[in-house]
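Take a look at the structure set out below.
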Amino acid sequence: MRALGCVLVAAVLAACGGGGEQGREKEKGRPAVDMQQAGERAEAILDGTMAAIQPAVTWSYGYPMKEACTNGLNRPTGATSINRTRHVLTVISARRRGNLLGAVQRYWEQHGFTIQSVTPDPGRPAIRGRSSDGFTVALAVGTIGNVHVSAGYSCAEDAPMTYPKGTPGEPGGPKAEELKPRVRSDFWSSERPVAP
């Protein structure tokens, strides 16, 4: 399960504009952000995204990821790409996945995100977007129907970071097996055809 999340996280980090000096050169106009500020903004994006899903779903914090930005010689640059994730613990049936992606896409568009790609595959749908301030977001459905929503930022200035209570790997955080979808919902878990 954690490996599935890591695949999505790696994709988000890779989409954050590229590591190191080349990635930073592309985005010279954006304001300087340190790792703590980037983490807080990513959490706010995810909090808003999860609240926009109605009926509400049960979710858990995912494992936070970070990757040092390097120059062309693989030397550190004093910057790090960060990524935060939410795991949806509500069972989302195949019939309801379109509803979920639609709700998230509408929320992101309403908040100024540019939708970069939508994968309508009924088995593993996904959506990716980007904010004007350089944050990349993604929602993807895994092979067992597990849903991850992530927000990432490339090459934030190195700084100490804090994490919300309940973050995996932090005190009080869940165990990996607790991140699997297991909560039933009359709406989201339903296999009945979606009304036109």
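To the nearest 0.5 Å, atoms CD1 (Ile45) and CZ (Arg86) are separated by 10.5 Å. One finds the SG atom of Cys155 at 11.5 Å from the CD1 atom of Ile82 (value rounded to the nearest 0.5 Å). Arg106 contributes atom CZ, which lies 13.5 Å from atom NE2 of His111 (distance to the nearest 0.5 angstrom). With rounding to the nearest 0.5 Å, the separation of OG1 in Thr136 from CG in Asn83 is 9.0 Å.
Between the side chains of Thr80 and Glu67, no donor-acceptor pair of N or O atoms lies under 3.5 Å. Side chain to side chain, Ser131 and Asp133 meet the donor-acceptor criterion of an N or O pair below 3.5 Å.
Closest approach of Trp108 to Thr49, counting heavy atoms only: NE1-OG1, 2.9 Å. Across every non-hydrogen atom of Thr90 and Ser189, the tightest pair is CG2-OG, 4.4 Å. Nearest heavy atoms, Arg95 versus Ser190: CB-O, 4.2 Å. Smallest separation of non-hydrogen atoms from Thr85 and Ser150: OG1-OG, 3.1 Å. Residues Pro122 and Pro125 approach most closely at O-CD, 3.8 Å, considering heavy atoms. Looking at every heavy atom in both residues, Ile53 comes nearest to Trp188 through CG2-CZ2, 3.5 Å.
By the 4.5 Å heavy-atom criterion applied to side chains, Arg96 and Glu191 are not counted as neighbours. For the pair Leu46 and Val149, the minimum side-chain heavy-atom distance is below 4.5 Å. Between Glu109 and Phe113, every side-chain heavy-atom pair lies at or beyond the 4.5 Å cut-off. Ser154 has its side chain out of reach of Cys69: every pair of non-hydrogen atoms, C-beta onward, lies at least 4.5 Å apart. Inter-residue side-chain proximity for Ile127 and Ile115 is flagged as met; some heavy-atom pair is nearer than 4.5 Å. Between Met50 and Val88 the shortest side-chain heavy-atom distance falls below 4.5 Å. Side chains of Met35 and Asp158 form a contact here, defined as non-hydrogen atoms less than 4.5 Å apart. Side-chain contact between Val147 and His87 is absent, with no heavy-atom pair separated by less than 4.5 Å.
Distance alone, capped at 3.5 Å, is enough to place a donor-acceptor pair between the Ser185 side chain and the Phe187 backbone. Between the side chain of Glu40 and the main chain of Gln37, no donor-acceptor pair closer than 3.5 Å is present. A side-chain donor-acceptor contact under 3.5 Å links Gln54 to the backbone of Ala51.
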Exercise for the section: Evaluate side chain to side chain contact (heavy atoms under 4.5 Å, CB included) for Thr143 paired with Arg124, printing each intermediate quantity in order. Expected result: CA-CA 7 Å; Thr143 55; Arg124 298 186 65 181; 3.4 Å; yes

Practice task
Please test Val141 against Ile92 for side chain to side chain contact (heavy atoms under 4.5 Å, CB included), starting from the C-alpha separation and ending with a verdict.
Solution key: CA-CA 9 Å; Val141 178; Ile92 309 295; over 6 Å; no

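At least one test fails for Arg84 against the ring of Tyr61: distance under 6.0 Å to the centre or angle within 45° of the axis. Geometrically, Arg41 does not engage Tyr153 in a cation-pi contact, judged by NZ or CZ lying under 6.0 Å from the ring centre and within 45° of the ring axis.
Applying the 6.0 Å contact sphere to CG of Asp186 captures no more than 12 heavy atoms from other residues, nucleotides or ligands.
Tracing side-chain contacts under 4.5 Å through hydrophobic residues (I, L, V, M, F, W, Y), one never reaches Leu89 starting from Tyr63; they form parts of separate clusters.
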